[in-house]
Amino acid sequence: MPETLRTSPNIIITGTPGVGKTTTCHELAQRTGLHHLEINEVVKKHNIGESSTDPSDPHTKIVDEDRLLDCIENDLEEGGQIIDWHACDLFPPSMIDLVCVVRCENGKLYDRLKARGYGEKKMEENMDCEIMEVLLQEARDAYDEEMVVELKSESTEDVDSNVERIEQWIKSWKKDQGKEGGGEVKAQEQERRDEDDPMFLHG
Ligand code: DAT
């Protein structure tokens, strides 16, 4: 794990629209006291999204990623951010400690997007995106493999267990950051921690 000045980790919760990112972030923020950084809200507040030119999808915003990063740079440096966004590869790996890709099977995703009032074309695009594992691949391409975790979110029990797992991971991350020393002992501890780490088997 790279050394960092952050005392709380920055965690990305990403995935296709409708998979349950915001639900997970909200619950996680409540349970841990970390800050729910809703990128949608940042985009609105700083007016850094341009309306799409696609006439069938006028509400989608094209976001200026450089300006977005400028807006959240201080938050990321401070740490303790739960980043809620349907893309992940724009956030610098040095600023990120864990990437959770939320997943949902297509039948349930269809119902959720329909309930949101999405049109057929937008529903189809998002369902394709989920089937093709676009966000999972994006996360794996942008970050170290061991930082990327896939989390199924199809029931309320899933939300609870996912939040519990991330909470445990945060505790162990904080413990690791406070640790000093080096060499063999550290290597042995790393090995033991990996076995205990609730994310380890699934990362
Ligand atoms: P996202 O932020 O990925 O767009 P969301 O958190 O707003 O998704 O969730 C979309 C809808 O699905 C919302 O009505 C809440 C519901 N939902 C999310 N996660 C769920 C889960 N694990 N079980 C049942 N419903 C869930």
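In what follows, residues are counted from 1 in the order of the sequence shown. All ligand and atom numbering here is 1-based and tracks the order in the structure.
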With distance as the sole test, does D111 use its side chain to make a donor-acceptor pair with the main-chain N or O of K108 at under 3.5 Å? no

Quick one: does any side-chain atom of E138 pair with a main-chain N or O of D89 as donor and acceptor, under 3.5 Å? yes

[X]: numbered ligand 1 atoms lying under 4.0 Å from its heavy atoms:
X    : result
S155 : 21 (C), 22 (N), 23 (N)
S153 : 19 (N), 21 (C), 22 (N)
V159 : 21 (C), 22 (N)
P17  : 4 (O)

Quick test: of every protein heavy atom, which one is nearest to atom 8 (O) of ligand 1, and how far off is it to 0.1 Å? G20 N, 3.1 Å

What protein heavy atom sits nearest atom 9 (O) of ligand 1, and how far away is it? T23 OG1, 3.6 Å

Mode of T156 contact toward ligand 1 - side chain, backbone, both, neither (heavy atoms, under 4.0 Å): backbone

Taking only Lys NZ, Arg NE, NH1 and NH2, and the carboxylate oxygens of Asp or Glu, determine whether E154 and R103 approach each other closer than 4.0 Å. no

Flag the pair K114 and E120 as a salt bridge only when some basic side-chain nitrogen lies within less than 4.0 angstrom of an acidic carboxylate oxygen. yes

So, does E157 sit close enough to ligand 1 that a heavy atom of it is under 4.0 Å from the ligand? no

Would G18 count as a contact of ligand 1 if the rule is a heavy atom under 4.0 Å away? yes

Could you tell me whether D84 and ligand 1 have an N or O pair separated by under 3.5 Å? no

Can you check which of K21, R116, R112 brings a heavy atom nearest to atom 7 (O) of ligand 1? R116

Checking contacts now, so for atom 14 (O) of ligand 1, which I'm interested in, is there any protein heavy atom under 4.0 Å? no

Of all heavy-atom pairs linking I13 and K21, the shortest is O-CD, 3.7 Å

Can you tell me how far apart OG1 (T22) and CD1 (I82) are? Round to the nearest 0.5 Å. 11.5 Å

Straight-line distance of C88 SG to L136 CG, nearest 0.5 Å: 9.0 Å

Is H26 atom NE2 crowded by more than 12 heavy atoms from other residues, nucleotides or ligands, each under 6.0 Å away? no

